[in-house]
Amino acid sequence: QMKENKLYFESIADSSGKKIKKVKDVYKFSLGWGSFGNVDMVYNEEDDTIYINKKIKSTNKTINKDLRELSYMSLLQRRCYKYVTYWNMIYDIEREKDGSYSIFYGMEFEGFSLDIYLSNNWELFGTMEKLILMLNLSTGLRYLHKTGIVHRDIKPQNILFNPGDLSIKYIDFGTSCANPDKNFNFK
């Protein structure tokens, strides 16, 4: 019997033209990559879950910045989890042959990238849905700033959107920083 999340996972891969690879006990396909690393969507058949796996390539110069991103995420999860996606803590750091590091961590799958979803569905949104979306975006940003974090890369690609309840979650805090005007701490 095929599990519901597996069908969903396969339909996302198919609609985006991605090839699914099986690695050990999981299936995955690439969502994107860049100079800092790559992001895969992963399906675990054993427990029928979908999650996002992020791998950051880091060097001796950037490792502190990359780990700072995870510290910010940890703080934000405790203070404004409704508007920030839940990243599981680091589950592996590998030292590469060239002296760089690979940092691996994952997050729950919570929706679609806002840019992709709206580019295909904006005309289906009524005035009320658009207002709710704008309210959620501004409320989430207010919570981030109230916590003392400045994202510095707000764009539709860095916002996950759940069309079922119109909720949003900010992602990719790689360029974020602590607001120097706030008493910022990790407690």
Side-chain angles (χ1 to χ4, degrees), residues 3 5-6 8-14 16-116 140 144 147 149-162 168-178 186:
K3 298 180 179 180
N5 277 336
K6 185 170 186 183
Y8 184 61
F9 174 81
E10 290 172 344
S11 71
I12 293 170
D14 187 51
S16 60
K18 304 288 185 174
K19 183 176 176 162
I20 298 173
K21 299 177 192 172
K22 183 165 185 183
V23 180
K24 296 184 182 176
D25 298 334
V26 298
Y27 299 87
K28 69 179 190 172
F29 64 87
S30 175
L31 290 175
W33 60 90
S35 59
F36 298 113
N38 59 355
V39 179
D40 294 325
M41 179 176 273
V42 180
Y43 170 73
N44 184 336
E45 195 166 39
E46 186 175 312
D47 60 3
D48 192 40
T49 57
I50 298 174
Y51 58 96
I52 306 299
N53 186 40
K54 187 172 184 179
K55 175 185 175 184
I56 298 175
K57 288 293 271 182
S58 193
T59 65
N60 286 332
K61 288 182 177 181
T62 63
I63 188 99
N64 289 332
K65 179 194 79 64
D66 296 330
L67 293 175
R68 185 181 65 230
E69 175 185 0
L70 296 174
S71 296
Y72 290 160
M73 293 299 300
S74 177
L75 172 74
L76 291 167
Q77 288 164 14
R78 291 192 303 267
R79 295 195 181 165
C80 56
Y81 61 89
K82 183 175 179 182
Y83 297 102
V84 178
T85 196
Y86 176 73
W87 284 97
N88 296 323
M89 295 319 291
I90 300 170
Y91 59 88
D92 198 10
I93 299 179
E94 292 178 3
R95 181 81 183 224
E96 304 292 343
K97 290 179 183 177
D98 64 2
S100 66
Y101 299 91
S102 290
I103 304 170
F104 300 88
Y105 55 101
M107 71 176 217
E108 58 189 308
F109 176 70
E110 299 201 47
F112 301 93
S113 171
L114 186 61
D115 67 320
I116 292 171
L144 291 178
T147 302
I149 301 293
V150 180
H151 189 284
R152 300 193 322 177
D153 195 19
I154 299 290
K155 58 186 177 185
Q157 294 90 334
N158 289 339
I159 301 168
L160 293 181
F161 175 68
N162 181 333
I168 61 98
K169 297 243 178 167
Y170 289 99
I171 60 171
D172 197 353
F173 285 77
T175 60
S176 62
C177 68
F186 292 101

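Note that the coordinates shown come from a computational prediction; the quantities given were computed from them, not determined experimentally.
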Checklist entry - Can you tell me how far the CD1 atom of I168 sits from the CG atom of N158, to the nearest 0.5 Å? => result 11.5 Å

Checklist entry - Does D115 reach the side chain of K155, with side-chain heavy atoms less than 4.5 Å apart? => result no

Checklist entry - Short question: side chain of T59, backbone of K61 - any donor-acceptor pair under 3.5 Å? => result yes

Checklist entry - Under 3.5 Å, is there a donor-acceptor pair between the Y43 and D48 side chains? => result yes

Next on the checklist: Working to the nearest 0.5 angstrom, can you tell me the gap between S100 OG and R95 CZ?
Outcome noted: 8.0 Å

Item to check | Residue pair I103 / I63: nearest heavy atoms and the distance that separates them | outcome: CD1-CD1, 3.9 Å

Item to check | Residue pair Y101 / I56, side-chain heavy-atom distance below 4.5 Å | outcome: no

Checklist entry - Yes or no on side-chain contact (heavy atoms from CB on, under 4.5 Å) for K28 and I20, after CA distance, side-chain angles and deciding distance? => result CA-CA 5 Å; K28 69 179 190 172; I20 298 173; over 6 Å; no

Item to check | Side-chain heavy-atom pair K6, Y27 within 4.5 angstrom cut-off | outcome: yes

Checklist entry - Which atoms form the tightest heavy-atom contact between S113 and L160, and what is the distance? => result N-CD2, 4.2 Å

Next on the checklist: side-chain contact (heavy atoms from CB on, under 4.5 Å) for K21 and D40? Distances and angles first, verdict last.
Outcome noted: CA-CA 11 Å; K21 299 177 192 172; D40 294 325; over 6 Å; no

Checklist entry - If you measure from CD1 on I149 to CG on L144, what distance do you get to the nearest 0.5 Å? => result 8.0 Å

Next on the checklist: Could you measure the distance from the CG atom of D153 to the OH atom of Y170? Nearest 0.5 Å is fine.
Outcome noted: 12.0 Å

Next on the checklist: Give me the atom names and distance for the closest heavy-atom approach of H151 to T175.
Outcome noted: O-OG1, 3.4 Å

